Every structure is written in structure tokens, then in C-alpha cells.
Visitor: 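Before I ask anything, let me first share the structure, which is written out below as C-alpha cells.
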Amino acid sequence: MELIGAGRASRVFALDADRVLRRSGFDTEGEARLMRLLRREGFPAPEVFDARGGDLVMERLHGPTLAAEMLAGRVAPAETADVLLGLHERLHRIDAPPWLPSASRGVDLTGDGPARVLHLDLHPENVILTEAGPHLVDWANAAAGAPAFDLAVSWVILVGVDLAAYGLPAERIESLRTGTLPRLREAATEAALAEAIRYRRADPNIDESEIDRALNELA
Ligand SMILES: Nc1ncnc2c1ncn2[C@@H]1O[C@H](COP(=O)(O)OP(=O)(O)O)[C@@H](O)[C@H]1O
Ligand SMILES: [Mg+2]
């Protein structure tokens with residue numbers, strides 16, 4: 001099988017031109033159930049064909065990730081922010097189904113308003129730019145709760161990326177940061193940002209330097 005993608009938690013193999021297998025070490029049935037609901041609501045998530053244990057067979061999306069395009073300079077920083085905020089905005093219109101958990105890693109996600117679907121890992125590696133527009137993958141962390149928390153988690157993830165490790169020149173790093181981070185931060189709330197740091201810190205795979213960068217930025 002041809003490996004076409006990998007993240008911290010799974011590997012994605014092409015099965016044919018239209019389908020991929022995502023293999024991970026955790027159960028994917030809840031994730032598949034949510035993805036099916038999102039499709040019915042018209043949200044751009046891949047179509048699910050089968051989910052058994054850690055194996056999820058889904059629609060193969062064709063196109064680069066937003067991360068690749070952003071790092072290559074083919075998508076401008078402001079446009080990166082537009083895509084991320086646009087996906088948040090569309091997702092958060094969807095009422096959370098009663099079976100979606102509203103607490104995760106010991107953090108209560110409920111807020112004042114109605115519980116909405118939250119992705120909780122909405123960053124450029126999980127966005128695939130297809131001919132039919134941006135699509136969002138990797139629903140393993142999704143939960144029910146307040147939209148501001150989802151935006152805050154995206155901010156913590158992005159602020160935590162060590163862009164210098166990608167070999168980008170300092171002025172590109174500065175324009176990426178100033179073009180994307182403030183927009184996400186403004187869309188969240190200060191309380192949600194503090195909670196999002198707690199939530200990310202509770203991730204067993206987290207790199208502490210990500211948290212340090214977020215804390216420095218908030219200080
Ligand atoms: N349906 C898909 N079609 C094409 N590529 C995909 C698809 N789902 C995931 N990928 C690719 O595989 C990578 C890893 O998948 P992802 O679900 O994000 O796993 P992880 O939890 O390990 O981050 C993604 O960043 C993306 O590049
Ligand atoms: Mg991912």
C-alpha cells in the first residue's frame with residue numbers, strides 16, 4: 001500500500017484513486033459516526049466507507065494540505081487565516097449530537113450557548129485544498145462545546161509551531177505570524193485561550209516547547 005500521509009497518531013495509505021485507509025491505534029467508530037453526520041449537514045469532511053477498530057476507509061481527497069501551500073508561500077498568510085476561520089465558522093453552525101462527549105482530557109468544553117461540533121485539531125496539516133474547496137480531516141479529537149474553545153485550540157497549535165525549523169527566513173516567519181495568529185486569537189476569548197493551553201498540555205504526545213511558545217505569547 002502506498003503511504004500518502006502521516007501525522008502524530010496515524011498513517012494514511014492510498015487504496016485506489018478514490019479511497020484511502022487511515023490506520024491508527026485507537027477506535028475510529030465514533031469519529032466515523034460524526035463524519036457521516038457532518039456530510040449530511042453539508043460540511044466538507046471526507047465521505048466514510050467503513051470503520052473497524054483503528055481502520056477507517058474514506059474518500060481520498062486530492063490536493064495539497066494548507067500547511068504545504070502556506071509554507072511554500074503559494075497561499076498568503078491572510079488567506080490561511082480566512083480558510084481556517086471559514087472552516088471554524090461553518091463547523092460551529094452545526095448542533096452537537098447528544099452522543100458527542102462534552103468533556104475531553106479533563107477539560108469541560110461547555111460554554112454559555114448551545115453545544116456545537118468542535119474539531120479541536122483544526123490546523124493547516126488537517127486541511128486539504130481540493131478543487132471543490134478546503135476539506136477538513138482528522139476528526140479523532142472532535143467533541144461538543146463552545147466554539148471559542150475550538151478557535152483557541154487552533155491558536156495554541158499554530159503559535160506553538162517552530163517555523164524556524166522549516167528553514168524559513170525571519171521575515172517570512174514574521175509575516176506568517178502577524179497574518180494568521182491575531183485573527184484566530186481575536187476570534188477566541190482569553191478564558192478559552194487559557195483552557196486551550198490546559199487541554200493541549202494534557203495531550204500525551206505534546207511537545208512542551210509548543211506550550212512554552214503559547215505561554216510566552218500570552219504573557
Ligand atoms: N481522506 C484523505 N485523503 C487524502 N489524504 C488524507 C486523507 N486523510 C488524511 N490525509 C493525509 O494524511 C495526513 C494524516 O492524516 P490525519 O488524519 O491528519 O492523521 P493524524 O491523526 O496522524 O494527524 C493528513 O495530514 C493528510 O495529509
Ligand atoms: Mg492530522
Side-chain angles (χ1 to χ4, degrees), residues 1-72 74-75 80 83-84 87-88 90-91 100-101 104-105 117-143 150-163 165-166 180 184 196 199-200 202-207 210:
M1 284 190 292
E2 185 200 350
L3 183 71
I4 61 162
R8 282 184 189 168
S10 24
R11 288 175 304 154
V12 174
F13 302 94
L15 293 177
D16 55 40
D18 306 313
R19 295 176 312 148
V20 296
L21 165 66
R22 178 185 190 260
R23 182 156 279 171
S24 47
F26 49 81
D27 199 82
T28 59
E29 273 152 50
E31 192 177 349
R33 187 178 185 190
L34 178 66
M35 289 167 79
R36 289 191 170 109
L37 178 148
L38 294 168
R39 291 278 298 194
R40 286 197 298 277
E41 296 286 338
F43 188 86
E47 185 180 351
V48 171
F49 300 123
D50 195 27
R52 267 166 233 229
D55 281 359
L56 181 65
V57 178
M58 64 183 141
E59 176 189 2
R60 179 174 181 177
L61 300 169
H62 294 278
T65 64
L66 176 59
E69 296 301 275
M70 175 190 91
L71 291 170
R74 286 188 290 267
V75 170
T80 299
V83 172
L84 296 174
L87 287 168
H88 274 291
R90 283 179 73 178
L91 181 62
L100 197 62
S104 186
R105 300 183 196 152
V117 177
L118 312 182
H119 183 276
L120 301 178
D121 204 14
L122 207 168
H123 61 75
E125 293 278 4
N126 285 334
V127 177
I128 300 182
L129 301 173
T130 78
E131 271 177 10
H135 280 57
L136 188 53
V137 300
D138 202 355
W139 294 88
N141 294 347
D150 209 3
L151 289 150
V153 169
S154 287
W155 180 84
V156 175
I157 295 171
L158 276 188
V159 83
V161 176
D162 179 12
L163 287 167
Y166 290 91
T180 52
L184 284 164
Y199 172 79
R200 289 291 292 170
D203 180 343
N205 297 318
I206 202 73
D207 177 356
E210 171 190 317

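Counting starts at 1 for both ligands and their atoms, in listed order. Computation of the quantities below employed the complete heavy-atom set of this structure, encompassing side-chain atoms and omitting hydrogens, waters and symmetry-equivalent molecules. Keep in mind that what you see is a predicted model, and the values were worked out from it rather than measured.
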Visitor: Side chains of Val153 and Asp121: closer than 4.5 Å at any heavy-atom pair?
Guide: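 SC-SC contact between Val153 and Asp121 ruled out.
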Visitor: Looking only at non-hydrogen atoms, which of Ser10, Gly7, Ala67 approaches atom 19 (O) of ligand 1 most closely?
Guide: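 Looking at heavy atoms only, Ser10 sits closest to atom 19 (O) of ligand 1.
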Visitor: Tell me if a side-chain donor or acceptor on His88 pairs with a main-chain N or O of Leu118 at a distance below 3.5 Å.
Guide: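 Not at all, since once roles are kept as given, no pair shorter than 3.5 Å links the two residues.
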Visitor: Can you tell me which portion of Asp121 lies within the under-4.0 Å heavy-atom range of ligand 1? Options are side chain, backbone, both, or neither.
Guide: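 Within the 4.0 Å criterion, Asp121 makes no contact with ligand 1.
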Visitor: Any N/O of Pro46 closer than 3.5 Å to an N/O of ligand 1?
Guide: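 Looking only at distances, the answer is no, because the N/O contact criterion of under 3.5 Å is not met.
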Visitor: Return the NE2 to CG distance between His135 and Leu61, rounded to the nearest 0.5 Å.
Guide: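 Going from the NE2 atom of His135 to the CG atom of Leu61 covers 5.5 Å.
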Visitor: Show which atoms of ligand 1 fall inside a sub-4.0 Å distance from at least one heavy-atom site of Met58.
Guide: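 Numbered from 1, ligand 1 contributes 1 (N), 8 (N).
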Visitor: Please list, chain by chain and in numerical order, all residues satisfying salt bridge (charged side-chain N to carboxylate O under 4.0 Å, His left out) with Glu210, sequence neighbours excluded.
Guide: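 For Glu210 the salt bridge (charged side-chain N to carboxylate O under 4.0 Å, His left out) partners, ignoring immediate neighbours, are Arg200.
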Visitor: Of the backbone atoms (N, CA, C, O) and the side-chain heavy atoms from C-beta on, which set of His62 has a member under 4.0 Å from an atom of ligand 1: side chain, backbone, both, or neither?
Guide: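 His62 to ligand 1: no contact under 4.0 Å from either part.
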Visitor: Could you check whether any side-chain heavy atom of Leu84 comes within less than 4.5 Å of a side-chain heavy atom of Pro124, counting everything from C-beta outward?
Guide: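 In contact.
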Visitor: In ligand 1, which numbered atoms sit nearer than 4.0 Å to a non-hydrogen atom of Asn126?
Guide: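 In order of numbering, the contacting atoms are 18 (O).
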Visitor: Got a second to check how far Asp138's CG is from Met35's CE, nearest 0.5 Å?
Guide: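 Answer for the CG-CE pair, Asp138 versus Met35, is 9.0 Å.
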Visitor: From the Mg ion (ligand 2), how many protein N/O/S atoms are found at a distance short of 2.8 Å?
Guide: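 Atoms of protein N, O or S type lying less than 2.8 Å from the Mg ion (ligand 2) total 2.
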Visitor: Please state which option from Val12, Asp138, Thr130 has its nearest heavy atom closest to atom 15 (O) of ligand 1.
Guide: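 Comparing heavy atoms across Val12, Asp138, Thr130, the nearest one to atom 15 (O) of ligand 1 lies in Val12.
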Visitor: Which heavy atom of Pro134 sits nearest a heavy atom of Val127, and at what distance?
Guide: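 For Pro134 versus Val127, the nearest heavy atoms are CB-CG1, 3.9 Å.
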Visitor: Any idea which atoms of ligand 1 are less than 4.0 Å away from a heavy-atom of Val20?
Guide: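 So the atoms of ligand 1 that pass are 1 (N), 2 (C).
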Visitor: For ligand 1, which atoms have a heavy atom of Arg60 less than 4.0 angstrom away?
Guide: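 Near Arg60, the atoms of ligand 1 are 3 (N).
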Visitor: Could you list the atoms of ligand 1 found under 4.0 angstrom from a heavy atom of Thr65?
Guide: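 Within the 4.0 Å cut-off of Thr65, ligand 1 contributes 27 (O).
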Visitor: Below the 3.5 angstrom mark, is there an N/O of Arg22, backbone or side chain, next to an N/O of ligand 1?
Guide: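 The answer is yes, given that Arg22 and ligand 1 share an N or O pair closer than 3.5 Å.
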Visitor: If we only count N/O pairs under 3.5 Å, is Ile128 in contact with ligand 1?
Guide: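 Among all N and O atoms of Ile128, none is under 3.5 Å from an N or O of ligand 1.
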Visitor: Within a distance under 4.0 Å of any heavy atom of Glu125, pick out the atoms of ligand 1 and give their elements.
Guide: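 It comes down to these atoms of ligand 1: 24 (C), 25 (O).
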Visitor: I want to check something: taking the side chain as every heavy atom from C-beta on, are Asn141 and Tyr199 in contact at a cut-off of under 4.5 Å?
Guide: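 Asn141 reaches Tyr199 side chain to side chain.
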Visitor: List, one per line, each side-chain donor-acceptor pair under 3.5 Å for residues 39-48, sequence neighbours excluded.
Guide:
residue, atom, partner, partner atom, Å
Arg39, NH1, Ala45, O, 3.0
Arg39, NH1, Glu59, OE1, 3.2

Visitor: Exactly one of Asp50, Thr28, Val20, Val137 should register a side-chain contact (heavy atoms from CB on, under 4.5 Å) with Met58. Which one does?
Guide: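 With Met58 as partner, side-chain contact (heavy atoms from CB on, under 4.5 Å) holds for just one option, Val20.
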Visitor: Using the side-chain hydrogen bond (donor to acceptor under 3.5 Å, both in side chains) criterion, which residues pair with Asp203? Sequence neighbours excluded.
Guide: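 Here no residue qualifies.
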Visitor: Start with the C-alpha distance between His119 and Leu87, add both sets of side-chain angles, then the distance that settles side chain to side chain contact (heavy atoms under 4.5 Å, CB included), and finish with yes or no.
Guide: CA-CA 10 Å; His119 183 276; Leu87 287 168; over 6 Å; no
